[in-house]
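Lettering follows sequence order; numbering is per chain, from 1.
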Amino acid sequence: MPELPEVETVRRSLEPIVVGRTIIDLDVGSFASVLGTISFDHARAALVGRRLTGIRRRGKFLLIDLDDESGIEVHLRMTGQLEVADRGAPPLRFQHLAILLNNGLDLRFADQRKFGRVIIHDGDPALALKSKLGPEPLETDFTSSYFQGVLRGRTAAIKSLLLDQRLVAGIGNIYADEALFLARIHPQRPGGSLAAVEVDALVSAMRDVLGSAIDQRGTTFRSYRDGTGQAGENQHRLNVYGRGRRGEPCFRCGTPLAYLVIGQRTSHFCPECQPLEIESR
DNA sequence: ACACTGCCCTGCGAGC
DNA sequence: TGCTCGCAGGGCAGTG
């Protein structure tokens, strides 16, 4: 499940290989809606001959900039993969699109569950995302006071608010659970009930879990790979995600971890380290 | 504006 | 062993 650290790892691994290359053709598989509503012919007309000038990340979106000020937006959703391979190499399993480059390499998009998309924009793809995405949690404009303002008066569970991309961009289920554990905050606490010190701890925990996950080149459970097909290592560093369902012990206190479904997402936490009642803290 | 639900999609692991 | 069933969940549309 690619979240900010995984998407950033894909970006970093692709950047030196694809930037500066020119698109010579496209190859689409049977799943035409990977391109959204535009036709394959339209996509080919828009992309062939374009040079890739950069690759950026915004939240969980990858943005490929082209030399005519247009761009491509890629979202991997749950099981998407974006990988570079030699033209002669066999296609990826579940491959839906290949962008053929002038250096003998193909940029390939695969997705087992067909949730991911490759969207071609006439202009800067970042503009389309501007209204949908909050600040980047690793940038300096994501401050504790900003987040405190965002949470003020909110009654929804903090876990759900962390997943709202309009409030902060790039957090998914794994890193939301990990950050709440580090900050010792129960996932069901109403967002507006967090004290200033708790928001401080949460903001700092988000930075910690995301930063170290990038250092580990992402979390690989099953399908996630970087742009060269390499798995990440962060799955060995997780404190709670996936462990609550199995009732495994908390690494901090030994209490069996628990899980709850919040906003239709499984939330793993330590009932001892992350109490729901503020009075008992 | 906010909170919440249902939808998309399919391989895989659990259970029988 | 072979089968069925439900889980995994990001973003978006739709409802109240």
request  = Examine the side chains of S70(A) and D68(A) and answer whether a donor and an acceptor come within less than 3.5 Å of each other.
outcome  = yes
Between CD of Q81(A) and P of dG10(C) the distance, given in whole Å, is 17 Å
In this structure, CD1 of I72(A) is separated from CZ of R117(A) (nearest 0.5 Å) by 15.5 Å
Under 6.0 Å between ring centres: does that hold for F181(A) and Y175(A)?
no
*Across the strands shown, which category fits F221(A) at heavy-atom distances under 4.0 angstrom: base, sugar-phosphate, nothing?*
nothing
Y175(A) OH to dG10(C) C1', in whole Å, measures 15 Å
Residues at least two apart in sequence or cross-chain that pass side chain to side chain donor-acceptor pair (under 3.5 Å) with T228(A), listed by chain then number, are D226(A)
Once you apply a heavy-atom cut-off of 4.0 Å, does T266(A) come out as touching a base, just sugar-phosphate, or nothing?
sugar-phosphate
In whole angstroms, the gap separating C1' of dG10(C) from OH of Y241(A) amounts to 12 Å
R243(A) to F251(A) six-membered ring, cation-pi geometry met (6.0 Å, 45°):
yes
Exercise for review: Look at all strands and tell whether S160(A) reaches a base, only sugar-phosphate, or nothing, counting heavy atoms closer than 4.0 Å.
Suggested key: nothing
Rounded to whole Å, the OH-C1' distance (Y224(A) to dA8(C)) equals 18 Å
Whole-Å distance, Y259(A) OH to dC7(C) C1', equals 11 Å
Under a 4.0 Å heavy-atom cutoff, the residues of residues 116-124 of chain A touching DNA chain C are none
Original post:
Can you find a side chain N or O atom of T79(A) that sits less than 4.0 Å from OP1 or OP2 on dA8(C)?
Top reply: no
Here the pair of heavy atoms bringing P187(A) nearest to A157(A) is O-CB, 3.5 Å
Axis-to-axis angle for the helix from dC2(B)-dG16(C) to dC16(B)-dG2(C), ends of five pairs each, to 10°, equals 50°
- prompt: Which part of the nucleic acid, if any, lies within contact of R93(A), taking any heavy atom under 4.0 Å across all strands shown: a base, the sugar-phosphate backbone alone, or nothing?
  reply: sugar-phosphate
Whole-Å distance, Q188(A) CD to dC4(B) P, equals 11 Å
Expected string for nucleotides 11-16 of chain C under the B/S/- scheme (protein heavy atoms, under 4.0 Å, primed atoms plus P, OP1, OP2 as sugar-phosphate) is BS----
When rounded to whole Å, the CZ to P distance for the pair R113(A) and dG11(B) reads 10 Å
Shortest non-hydrogen pair, I55(A) vs R11(A), comes out as O-NH1, 3.2 Å
note: L151(A), atom CG; dC2(B), atom P; distance rounded to Å ~ 12 Å
Result for salt bridge (charged side-chain N to carboxylate O under 4.0 Å, His left out) between R50(A) and one of D65(A), D67(A), D25(A) points to D67(A)
Contacts table for residues 80-95 of chain A: side-chain donor-acceptor under 3.5 angstrom, sequence neighbours left out:
{"residue": "Q81(A)", "atom": "NE2", "partner": "E83(A)", "partner atom": "OE2", "Å": "2.9"}
{"residue": "R87(A)", "atom": "NE", "partner": "D106(A)", "partner atom": "OD1", "Å": "2.7"}
{"residue": "R87(A)", "atom": "NH2", "partner": "L101(A)", "partner atom": "O", "Å": "2.6"}
{"residue": "R87(A)", "atom": "NH2", "partner": "L105(A)", "partner atom": "O", "Å": "2.8"}
{"residue": "R87(A)", "atom": "NH2", "partner": "D106(A)", "partner atom": "OD1", "Å": "3.0"}
{"residue": "Q95(A)", "atom": "OE1", "partner": "L92(A)", "partner atom": "N", "Å": "2.9"}

Between R51(A) and L66(A), is any pair of side-chain heavy atoms under 4.5 Å apart? no
Parallel, tilted or perpendicular: rings of Y259(A) and H268(A) (30°, 60°): tilted
Members sharing L100(A)'s hydrophobic cluster, built from side-chain contacts under 4.5 Å between Ile, Leu, Val, Met, Phe, Trp and Tyr, are I24(A)
